[in-house]
Amino acid sequence: MQTGLKITAFAAGLAATFGSAYAVGGALEPAVPPKEPSHQESGEGHIEKERPAEEDSELPGGLQVSQGGFTLDLDTPRVEAGEPAELRFAVVDEDTSRNVTAFRREHGKELHLIVASSDLTTYRHLHPERAADGTWSTPVELPEAGGYRVFADFTPDGKNAEGITLGADLAVSGDARPESLPEAERTATVDGYEVTLDGALRPGAGSELKLEVEKGGKPVTDLQPHLGAYGHLVALRAGDLAYLHVHPNGEPGDGRTESGPEVSFTATAPCKGAYRLFLDFRHEGKVRTAAFTVHAGGAAPENSAPEGGESADHGH
């Protein structure tokens, strides 16, 4: 794990809104005109999304199904809401047209799979298994109908030493009733735990985000390592679900990082707008997720605090 790893800033521009029944609630602040919209099929219709006007080389993770010579081939583009299903996919090497079977292990896994709903109220951090032929699979059950995005976060071995995050659309059939983006608050509660967020997410500049975990009003000082860290933070940009994966400042066993109650991250927001943060942490043998809404580079909506949010529907 790299200590104090920062997400590289990319072009400041955001104009992403949904124009259908699966629209994300929460206004964003457009900085530049959008490019051509893309279309996402959902359970009952289509989502029309406008991508920020960013050069392909500077696009954030998860906005493209193909990047760096690799393509995410999602074999399960549709599932039923509330029903157990299996997601199957492969990462294809565009030079050979074959499934990739060699990956570098990151945080104990060859590949991390994130599934999030378009309204950012449902989040899954999954760990699929790979067959010898390069086909990945994992069980999943998604509670609400609508549009979702599947993110594959991996580092191919040999051909490209850099990490890549590819994204593909997933439709969940059923009666879709999207929710508004949760309001920004500094504290999230999940399973009796209270997680407090301190710090601001700034566009184009690195800043420290500190998350403190308490239970029953007492600090949790014995967080357990989860995938080689005391916490994992994923940030998704509201609107187009651009993916930012942030690593913590420090790791277990480095001689200076304590096992709670605080987990620290350094992150850079690519541009102004609303983001949803998902913190995974392990305690007493179980992984839990606390979720926060933050507003980078602009005032939060009325009746909401500068940072934060509530826990999200989650699963591991």
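Residues take their numbers from the sequence shown, with the count starting at 1. All of these numbers come straight from a predicted model, not from anything done at the bench.
Using a 4.5 Å cut-off on side-chain heavy atoms (C-beta onward), Y243 and D153 make contact. Put simply, the side chain of P128 does not reach to within 4.5 Å of the side chain of L87, judged on heavy atoms. Residues P252 and P225 meet the side-chain proximity criterion, which asks for heavy atoms closer than 4.5 Å.
Residues passing the salt bridge (Lys or Arg N to Asp or Glu O under 4.0 Å) test with E86, sequence neighbours excluded: R88. With sequence neighbours excluded, no residue forms a salt bridge (Lys or Arg N to Asp or Glu O under 4.0 Å) with E212. Taking E284 as the reference, K215 meet the salt bridge (Lys or Arg N to Asp or Glu O under 4.0 Å) condition, with sequence neighbours excluded.
To the nearest 0.5 angstrom, S207 atom OG is 5.5 Å from L201 atom CG. Note that CG of L197 is 11.5 Å distant from NZ of K210, once rounded to the nearest 0.5 Å.
Under the 4.0 Å criterion applied to side-chain N and carboxylate O atoms, D169 and R149 are assigned as salt-bridge partners.
Side-chain N/O atoms of T71 and E94 include a donor and acceptor closer than 3.5 Å. For S264 and E208, the side-chain atoms include at least one donor-acceptor pair closer than 3.5 Å. For the residue pair S259/D222, the side-chain donor-acceptor check at 3.5 Å is not satisfied.
Here the shortest heavy-atom pairing between L72 and G167 reads CD2-C, 4.0 Å. Nearest approach of E183 to T293, heavy atoms of both residues: O-CB, 4.0 Å.
In this pair, Y193 and H283 present their aromatic rings perpendicular. The plane angle is above 60°, beyond the 30 to 60° band.
The distance between the ring centers of W136 and F103 falls below 6.0 angstrom.
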